[in-house]
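Inspection log for the structure reproduced underneath, given as structure tokens.
Letters A, B, ... are given to chains in the order of the sequence lines, protein chains preceding strands, and every chain is numbered from 1. Predicted model, so just to flag it, every value in this text is computed and none were measured.
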There are 2 protein chains.
Amino acid sequence: MKVKATSFDIAHKAGVSQSTVSRALRDSPLVNQETRDKIKQIARELNYKVDKNASNLRQQQSKTIALLLFEDPTTDDSLINPFFLTMLGSITRACAQADYDLLISFQNLSDDWHADYEDTNKADGIILLGYGDYQDYRDKLSKLVAQGTHFVRWGAEDEEFPGVSIGCDNFQGGYDVTKHLLEQGCQTLAFVGGADNHAPEFQARYQGFCKALGEPGTHNSQSYQVDAISNEPSGYQAIKTLLSKPVALDAVVCASDLIAIGVIQALDEANIRVPEDIAVVGYDNIPVSSFTSPKLTTVKQDTNLAGKTLVDNLLNLINGENVETRTLPVELIIRQSCQR
Amino acid sequence: MKVKATSFDIAHKAGVSQSTVSRALRDSPLVNQETRDKIKQIARELNYKVDKNASNLRQQQSKTIALLLFEDPTTDDSLINPFFLTMLGSITRACAQADYDLLISFQNLSDDWHADYEDTNKADGIILLGYGDYQDYRDKLSKLVAQGTHFVRWGAEDEEFPGVSIGCDNFQGGYDVTKHLLEQGCQTLAFVGGADNHAPEFQARYQGFCKALGEPGTHNSQSYQVDAISNEPSGYQAIKTLLSKPVALDAVVCASDLIAIGVIQALDEANIRVPEDIAVVGYDNIPVSSFTSPKLTTVKQDTNLAGKTLVDNLLNLINGENVETRTLPVELIIRQSCQR
DNA sequence: CTGAAAGCGCTTACAG
DNA sequence: CTGAAAGCGCTTACAG
């Protein structure tokens with residue numbers, strides 16, 4: 001079994017004090033260049049690595065960020081939205097760039113989900129990521145604020161919500177994609193996705209949808225809304241319900257790509273052609289959205305920017321700087337699923 | 001700004017020594033029940049949390065596992081295989097159950113990817129997860145072994161490889177799905193996916209494919225193989241290449257569901273019907289595979305069991321127990337994409 | 001059952 | 001530029 005080398009071992013070998021070793025390894029300009037090089041060389045030979053627990057304890061920080069994913073508890077936990085995987089990727093990369101580690105945790109509503117990462121000094125701050133119902137979290141967020149925990153939340157801007165959030169412009173995205181459908185001549189549109197304040201992002205998209213439908217030149221248009229959470233089966237069910245009613249739809253705006261995939265399948269099974277009979281659009285631009293049949297028109301969120309912004313803002317918060325809620329732009333991606 | 005309570009603060013308030021506080025909070029039977037309750041009560045009032053850095057430093061462990069995702073470097077890093085997301089979910093849950101934290105990192109070939117998690121005491125052990133080319137990692141794995149690092153690798157069993165691995169039975173999966181196609185009357189089959197030892201999992205699936213094609217009663221059958229890595233565009237390209245040749249395919253066995261999705265799109269664009277003209281099967285049973293058109297026949301890996309097995313084995317390794325490479329069973333999921 | 005004390009491996013203010 | 005020493009907040013062997 002190996003025995004780990006400590007800074008004392010290096011000090012001994014180099015014939016200097018342990019303090020000097022510590023300084024040298026942290027590139028302190030106080031240490032003579034030659035001594036520094038020699039110490040680093042010995043450290044390499046001994047395969048020495050600074051003990052993070054000791055270092056963190058001493059410095060009272062952890063150089064670690066915790067990512068908490070909260071999901072709608074009705075979702076099967078194996079089915080996590082691929083959009084978050086992409087976010088996870090960009091967050092990980094942004095952390096690595098800032099020389100921070102990323103601790104990850106999935107949490108359910110019922111759990112003591114804020115999980116004391118910061119209180120235990122395991123993390124210097126927290127990123128909260130998730131679709132779904134964060135109304136229920138309001139009290140917990142307030143508690144985080146009260147405890148002085150550093151956190152940023154991914155999601156809809158919401159003045160009633162405690163803390164800082166970073167999110168894409170869901171209202172604009174919902175508006176843009178609906179506007180495009182109207183311009184294509186669609187008149188009877190349905191929005192599939194929860195539209196109440198329990199899913200604030202979906203709600204904002206729905207409001208964008210409504211705004212487009214309320215503009216001049218749309219007096220012949222009609223609209224519907226059916227609830228759905230962000231997965232395929234939910235979209236599938238929602239559109240089935242709608243189809244069972246006497247409604248002459250010609251377009252469906254889905255609150256997420258996963259919902260759209262379920263919708264397309266249900267339409268396919270009902271022998272309704274997309275986009276010839278009904279246009280379908282999604283939201284998120286997940287990788288598979290350009291490989292559905294037909295390819296999905298959708299709204300892209302810049303996940304790279306989002307991840308970087310989340311991390312940068314959290315680090316600013318940790319450093320005691322003032323940070324403000326920000327809304328990032330979205331981009332309409334037009335593909336075949338809405339071409340009439 | 002809040003000031004964190006320490007065990008001394010509690011000791012002071014409770015009128016006992018700090019040692020007793022520490023014991024009480026760790027549920028030591030040495031401490032009188034009443035004293036214990038009182039101390040816990042005070043800890044709650046002060047919102048006290050054990051400092052993990054101090055605790056870990058003292059105990060020389062971190063109660064943390066590091067998950068390193070290595071991806072084929074040719075892959076756009078935003079496109080991570082959804083299969084791994086599912087694995088990530090089950091690994092996270094298994095860690096939480098064992099009261100371990102999960103540190104996560106994506107690494108590229110070029111990086112010093114083993115990243116010294118264990119050497120710095122940031123993690124007690126490492127889980128390596130990734131498709132693709134781990135031939136290149138052989139030296140690094142050997143170094144991990146030499147350093148006495150605790151790790152398990154997700155992937156194909158390979159005697160030449162240093163360390164313990166946990167994986168599903170790729171050979172059997174490739175065999176089962178191919179056998180099923182043959183039983184459906186398919187005769188001219190193509191395997192889409194890398195078949196050399198740079199992608200050992202794909203290679204094993206290909207070997208299963210070959211075995212099925214070498215059995216009695218298949219003398220009329222023919223087979224092809226085209227390289228592809230695990231994403232949609234690669235599958236799309238691969239099948240285009242194959243279609244440009246004078247080959248009368250009636251079935252395509254894809255090394256992953258993502259490849260299959262690309263293949264189905266290319267066939268669709270070429271006006272080749274699936275499954276009537278060509279049957280297509282995938283591998284992994286990612287969530288979207290039951291929402292493609294047609295629904296995808298595929299091979300399911302039990303990701304919950306896999307995640308749990310990875311974590312359990314790693315913890316055993318950390319505890320100095322003997323751990324052996326294990327191969328987990330797979331399950332054939334039959335859907336429309338191969339029904340003739 | 002409880003307390004005083006050592007020590008985990010660092011970083012850094014202080015003194016030279 | 002360097003060293004001796006304090007101290008981060010715990011856990012636990014030792015003594016009672």
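With a 4.5 Å cut-off on side-chain heavy atoms, A:Arg93 and A:Asn304 count as touching. Looking at A:Leu129 and A:Ile91, their side chains come closer than 4.5 Å, going by heavy atoms from C-beta outward. Residues B:Asp124 and B:His150 form no side-chain contact, since every pair of their non-hydrogen atoms from C-beta on lies 4.5 Å or further apart.
Regarding B:Leu46, its CG atom lies at a distance of 16 Å from the C1' atom of D:dG9, rounded to whole Å. The CD1 atom of A:Ile10 sits 12 Å away from the C1' atom of C:dC10 (whole-angstrom rounding). Regarding A:Asn53, its CG atom lies at a distance of 15 Å from the C1' atom of C:dG7, rounded to whole Å. The distance from atom CG of A:Asp37 to atom P of D:dC1 is 13 Å, rounded to the nearest whole Å. A:Leu57 has its CG atom 14 Å from the C1' atom of C:dT12, to the nearest Å. When the C1' atom of D:dC8 is taken as reference, atom CG of B:Asn56 falls 14 Å away, rounded to whole Å. Going from atom NZ of A:Lys63 over to atom P of C:dC10 covers 18 Å, rounded to whole Å. Regarding A:Leu25, its CG atom lies at a distance of 13 Å from the P atom of D:dT2, rounded to whole Å.
B:Gln60 has a side-chain polar atom (N or O) that falls below the 4.0 Å cut-off from OP1 or OP2 of C:dG9. Regarding contacts with the backbone of D:dC10, every side-chain N or O of B:Arg26 stays at 4.0 angstrom or more from both OP1 and OP2. Residue A:Thr35 places at least one side-chain N or O closer than 4.0 Å to OP1 or OP2 of D:dT2. Residue A:Ser55 places no side-chain N or O under 4.0 Å from the OP1 or OP2 atom of C:dC10.
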What pairs of nitrogen or oxygen atoms, one from the protein and one from nucleotides 13-16 of chain D, lie under 3.5 Å apart?
residue, atom, partner, partner atom, Å
D:dA13, N6, B:Arg23, NH2, 2.7

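Taking every side-chain heavy atom of B:Ser17 into account, C:dA4 is the closest of C:dG9, D:dA4, C:dA4. Among C:dT12, C:dT2, C:dG9, the nucleotide with an atom closest to any side-chain atom of A:Asp51 is C:dG9. For B:Gln59, counting side-chain heavy atoms from C-beta on, the closest listed nucleotide (D:dG9, C:dG9, D:dT12) is D:dT12.
B:Thr303 places no side-chain N or O within donor-acceptor distance of the main-chain N or O of B:Met87, the cut-off being under 3.5 Å. The backbone N or O of A:Ala14 sits less than 3.5 Å from a side-chain atom of A:Lys38, completing a donor-acceptor pair. Judged by distance alone, the side chain of B:Asn319 and the main-chain N or O of B:Glu321 form no donor-acceptor pair under 3.5 Å.
Residue B:Ser7 is classed as a sugar-phosphate contact, given heavy-atom separations below 4.0 Å to backbone atoms only.
Each of B:Val16 and B:Asn121 has a nearest nucleotide on DNA chain C; the 5'-most of these lies closest to B:Val16. Residue A:Leu30 is the one, among A:Leu30 and B:Gln18, whose nearest nucleotide of DNA chain D lies closer to the 5' end (criterion: closest heavy atom).
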Encoded 5' to 3' (Watson-Crick or G-U under 3.5 Å; [ ] crossing; | other strand), DNA chain D becomes |||.||||||||.|||
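The neighbour count for A:Lys63 NZ, taken as heavy atoms of other residues, nucleotides or ligands under 6.0 Å away, is above 12.
Salt bridge status for B:Lys40 with B:Asp27: present, with a side-chain N to carboxylate O gap under 4.0 Å.
Looking only at atom types and distance, the side chain of A:Asp37 has a donor-acceptor partner in the side chain of A:Gln33 under 3.5 Å away.
Only the C1' atoms considered, D:dG16 is 16 Å distant from D:dT12, to the nearest whole Å.
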Quiz item: Where do B:Arg23 and B:Thr20 land on the side chain to side chain contact (heavy atoms under 4.5 Å, CB included) test, with the steps shown first?
Solution: CA-CA 5 Å; B:Arg23 286 193 194 97; B:Thr20 301; 4.3 Å; yes
